[in-house]
Amino acid sequence: MGGVSGAVNAADRAERVPKQDRSRATRQRLLEAAVACLAERGWAGSTVTVVAEHAGVSRGAAQHHFPTREDLFTAAVEYVAEERSTALRALFPEGAAADDRRAVVAALVDLYTGPLFRAALHLWVAASNEEQLRERVTELEARVGRETHRIAVDLLGADETRPGARETVQGLLDMARGLGLANLLTDDAARRERVVEQWARLLDAALA
């Protein structure tokens, strides 16, 4: 009996692993589709049904992973934010040298000019009008903001014990967010390039 029971348990485990893999893959497709829909259609046009169709799964499968619309979209923006943070760190696996500050500034600015920022912006606008969503988005943005600040401090080699260093780094991130807003309506690449150059020079002087 022990042998039969052991064989059944092994078969059950073997069956569960592919199911778990499929479940993770479905969840990831839904998260990526939610961000894409939010960036392209805005909050009003991004229903669970639309996201499920975009991801190629049923509405029931979507609601199994994310019972509410708010669950889906806050999880989606958080997921991609974490992916972008990982990608940003991977650009400088050994850390950034002092003469790489321009590349660091450009990479940080890129965080605010892609589909993640566009999707997050739609979520902010929706949260400003929906109290239930506002608390969750505020918490999410605070967490993502802290992580981005830590990454920026590390990559720029900023010593936050020095007066003004923390504010200088935060000013860079605020500026990057502003450039992301400017890029929503028109291609602002030429002006953005000049601003990146100037901020790199300012950071060299302020953080040296």
Side-chain angles (χ1 to χ4, degrees), residues 23-89 107-154 160 166-188 192:
S23 179
R24 282 193 294 267
T26 298
R27 187 176 191 277
Q28 182 167 336
R29 287 204 308 275
L30 284 165
L31 293 173
E32 292 172 349
V35 171
C37 289
L38 200 55
E40 295 167 6
R41 299 168 178 256
W43 175 257
S46 298
T47 64
V48 174
T49 299
V50 168
V51 172
E53 290 175 355
H54 195 287
V57 304
S58 68
R59 179 185 172 87
Q63 290 183 315
H64 169 75
H65 288 278
F66 304 102
T68 70
R69 187 185 187 203
E70 290 79 9
D71 289 333
L72 172 60
F73 286 104
T74 51
V77 175
E78 181 175 21
Y79 163 76
V80 180
E82 290 172 353
E83 291 293 300
R84 293 297 296 273
S85 294
T86 300
L88 181 60
R89 287 193 183 280
L108 289 168
V109 167
D110 284 346
L111 282 176
Y112 294 96
T113 55
L116 169 63
F117 178 75
R118 187 180 293 268
L121 182 61
H122 285 297
L123 199 60
W124 299 342
V125 172
S128 70
N129 297 315
E130 298 189 26
E131 189 168 346
Q132 181 180 358
L133 188 60
R134 186 185 309 141
E135 182 177 350
R136 303 179 68 176
V137 172
T138 300
E139 179 185 352
L140 167 62
E141 285 303 315
R143 184 150 33 94
V144 171
R146 287 192 297 268
E147 174 64 10
T148 305
H149 185 92
R150 283 196 297 269
I151 292 173
V153 167
D154 290 346
E160 290 197 298
R166 179 177 179 81
E167 291 75 15
T168 298
V169 174
Q170 191 57 53
L172 165 63
L173 296 176
D174 290 342
M175 178 275 299
R177 187 179 295 109
L179 289 176
L181 285 169
N183 197 61
L184 286 174
L185 296 177
T186 60
D187 183 358
D188 203 41
R192 189 164 65 247

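We count residues from 1, following the sequence as given. Any value given below was found using the heavy atoms of this structure, including those in side chains, with hydrogens, waters and symmetry copies removed.
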Worksheet item: Ion pair present between E32 and R29, side-chain N to carboxylate O less than 4.0 angstrom?
Response: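 Salt bridge: no.
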
Could you tell me if the side chain of [Y] sits less than 4.5 Å from the side chain of [X], heavy atoms only?
X: L31; Y: E78; result: no
X: L173; Y: L108; result: yes
X: F117; Y: L181; result: yes
X: V77; Y: V144; result: no
X: R24; Y: R27; result: no

Discussion item. Please enumerate all residues that pass side-chain hydrogen bond (donor to acceptor under 3.5 Å, both in side chains) together with H149, with sequence neighbours excluded.
Written reply: E160, R166, Q170

Worksheet item: By side-chain hydrogen bond (donor to acceptor under 3.5 Å, both in side chains), which residues pair with N183, not counting sequence neighbours?
Response: R192

State, to 0.1 Å, how close [X] and [Y] come at their nearest heavy-atom pair, and which atoms those are.
X: V125; Y: N129; value: O-ND2, 3.4 Å
X: E141; Y: A120; value: OE2-CB, 4.3 Å
X: M175; Y: V109; value: CE-CG2, 4.4 Å
X: V51; Y: L30; value: CG1-O, 3.7 Å

Worksheet entry | Neighbour count >12 (heavy atoms, 6.0 Å) for atom CZ, R177 | yes

Worksheet entry | Side-chain H-bond candidate by donor/acceptor type, R41 with S46, under 3.5 Å |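 No, S46 and R41 have no side-chain donor paired with an acceptor closer than 3.5 Å.
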
Practice prompt. Any ring pair (Phe, Tyr, Trp, His ring centres under 6.0 Å) involving residues 33-76? Give me the pairs, sequence neighbours left out, ordered by first then second residue.
Written response: W43-F73

